[in-house]
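Basis for what follows: all heavy atoms, side chains included, without hydrogens, waters or symmetry-related copies. When a ligand or atom number is given, it counts from 1 through the structure's own listing order. Residues take their numbers from the sequence shown, with the count starting at 1.
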Amino acid sequence: MTDPVTPSTPARPKGPAGRLLALWFGTALWKRILLGLVLGVAAGLVLQERSADIKWLGDAFVRLIRMLVVPLVFVTIVAGVAAMAEPRRLGAIGLKTIGLYFGLMLIASALGLAIGTVLQPGLGVDLSAAVPVVTGAPPPPFAETLMNIIPLNPIAAMGSGDVLAVIFFALLLGIGILVVGAPADPLRRVFDAGSAVMLQITYFVMEMAPFGVFALIAWVTGTSGPAAFVSVFKLALCVVIGCAVQTLLVHGGLIRLLARLPVRPFFRDVTDAIVVAFTTSSSSATLPVAMRVAQRNLGISPTVASTTLPIGVTLSMDGTAMYVALLAMFAAQVFGVDLSMADYLMVILTTTLVAIGTAPVPSASLFILAAVLSVIGINAEQTALIVGFILPFDRPLDMMRTVPNCTSDLSVAVVVARSENELDVASYLARPVE
Ligand code: ASP
């Protein structure tokens, strides 16, 4: 698959406007995105509630990147698999990827429990002012989720944005092209070109990121300012610590120990994806950016990037697992439920399983909470109270947990690529190109 080319610079106006444009486009994108973030906080503090008026700019950005998810996943997986020299390698890549994702989520759930046990965020919390919020039907049983991976109709799966089913069909199509060989070459070239074009569109859309990030951060800062945090301060602190440990130590450790690479270039290379995950609170919306940084900055081959990342976005949710396990501790402390060792293990296992089924969209954690809390005997009414208590503050907490959701995918992609000899180390170590 060809690497997307940076478009040739169009003629720019001369004079101060031209210089400003040259300065803007001459600055690395991740720096411009960080600038948007900082200015967004300032604008939110100044505008307060009125920051809601500019939220449309952030919404437009999120829509643009979400628009890319289904076509990008579809064409890049087909092209990635069809580019494989050995069909059997798909099995090795798949097993490593899923094993690592699963292991990381078990660690994340255990981390959430450990932080909740040590810091006790639920102690002394009074829920009497909370308005119960019912989060609807519990998620379907795990067996049903598995069965739904096989689409009845692949076109309908694309239409409804059912990413797991799209991945399944795309993998099969890629394998089909690979096995048919030379007669399927025209089709392989179509998908190759398609995936270069989709990555190029991602490049265009990312030029809007500094503005989208600015508006989203201004809105969050302006509407749920620091004052709102006093009552959930301890819980928020636990979430910050949990996300930081999972991202920096666990994912960083994975890079250091399993991929045997320095950690600093990893975090520098994935800054764009981290900021987009943080501001949009949606790992699904972050996927196109993650695909781009994986190939352009981390030096991961299209084959590994296009198989590990889309699977990771839908299955691997470290931040969510850490958060839900932490909330289980929180709820147990609020309602005075004593937990045995068996309860802890059940929470870790259930959290990991339901995190796999969590949608990669904002606030999705709260919809799966009931499934985990029921394991430790917390009933539906009590769960509704917990959700009602957290919901007003969920957005900033969601922003934080979406970061490890995204870095888990990227760190696993690096480890798998490295072990499969599909990582260009020079590109990994070099500074991002734009
Ligand atoms: N917002 C998270 C994500 O998109 C899911 C969640 O924990 O609510 O990854």
Listing, residues 314-324 side-chain donor-acceptor contacts under 3.5 Å, not counting sequence neighbours, or none:
residue : atom : partner : partner atom : Å
Thr314  : OG1  : Pro310  : O            : 3.0
Thr314  : OG1  : Ile311  : O            : 3.1
Ser316  : OG   : Ser408  : OG           : 2.9
Ser316  : OG   : Asp409  : OD1          : 3.3
Asp318  : OD2  : Gln246  : NE2          : 2.9
Asp318  : OD2  : His251  : NE2          : 2.7
Thr320  : OG1  : Asn405  : ND2          : 2.9
Tyr323  : OH   : Asp394  : OD1          : 3.1

Per-pair distances, 0.1 Å, donor-acceptor, side chain in residues 412-419, under 3.5 Å, sequence neighbours excluded:
residue : atom : partner : partner atom : Å
Arg418  : NE   : Ala259  : O            : 2.7
Ser419  : OG   : Lys96   : NZ           : 2.9
Ser419  : OG   : Val416  : O            : 3.0

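Within the listing of ligand 1, atoms 1 (N), 2 (C), 6 (C), 8 (O) sit less than 4.0 angstrom from a heavy atom of Asp398. Of all atoms in ligand 1, listed by their number and element, those nearer than 4.0 Å to a heavy atom of Ser365 are 6 (C), 7 (O), 8 (O).
Summary of contacts: the protein heavy atom closest to atom 9 (O) of ligand 1 is Ser283 OG, 2.4 Å.
Contacts with ligand 1 closer than 4.0 Å are made by backbone heavy atoms (N, CA, C, O) of Ser363 only, the side chain lying farther away. Of the heavy atoms in Ser281, only backbone atoms (N, CA, C, O) come closer than 4.0 Å to ligand 1.
The residues Asp59 and Lys55 are annotated as salt-bridged, a charged nitrogen and a carboxylate oxygen being separated by less than 4.0 angstrom.
At least one N/O-N/O distance between Ala364 and ligand 1 falls below 3.5 Å. For the pair Asn405 and ligand 1, the shortest N or O to N or O distance falls below 3.5 Å.
Between the side chains of Ser365 and Arg401, at least one donor N or O lies within less than 3.5 Å of an accepting N or O.
Tested against Phe278 for a side-chain contact (heavy atoms from CB on, under 4.5 Å), the candidates Leu37, Val213, Thr402, Asp398 yield a single pass: Leu37.
Atom OG in Ser306 sits 6.5 Å away from atom CD1 in Ile77 (nearest 0.5 Å).
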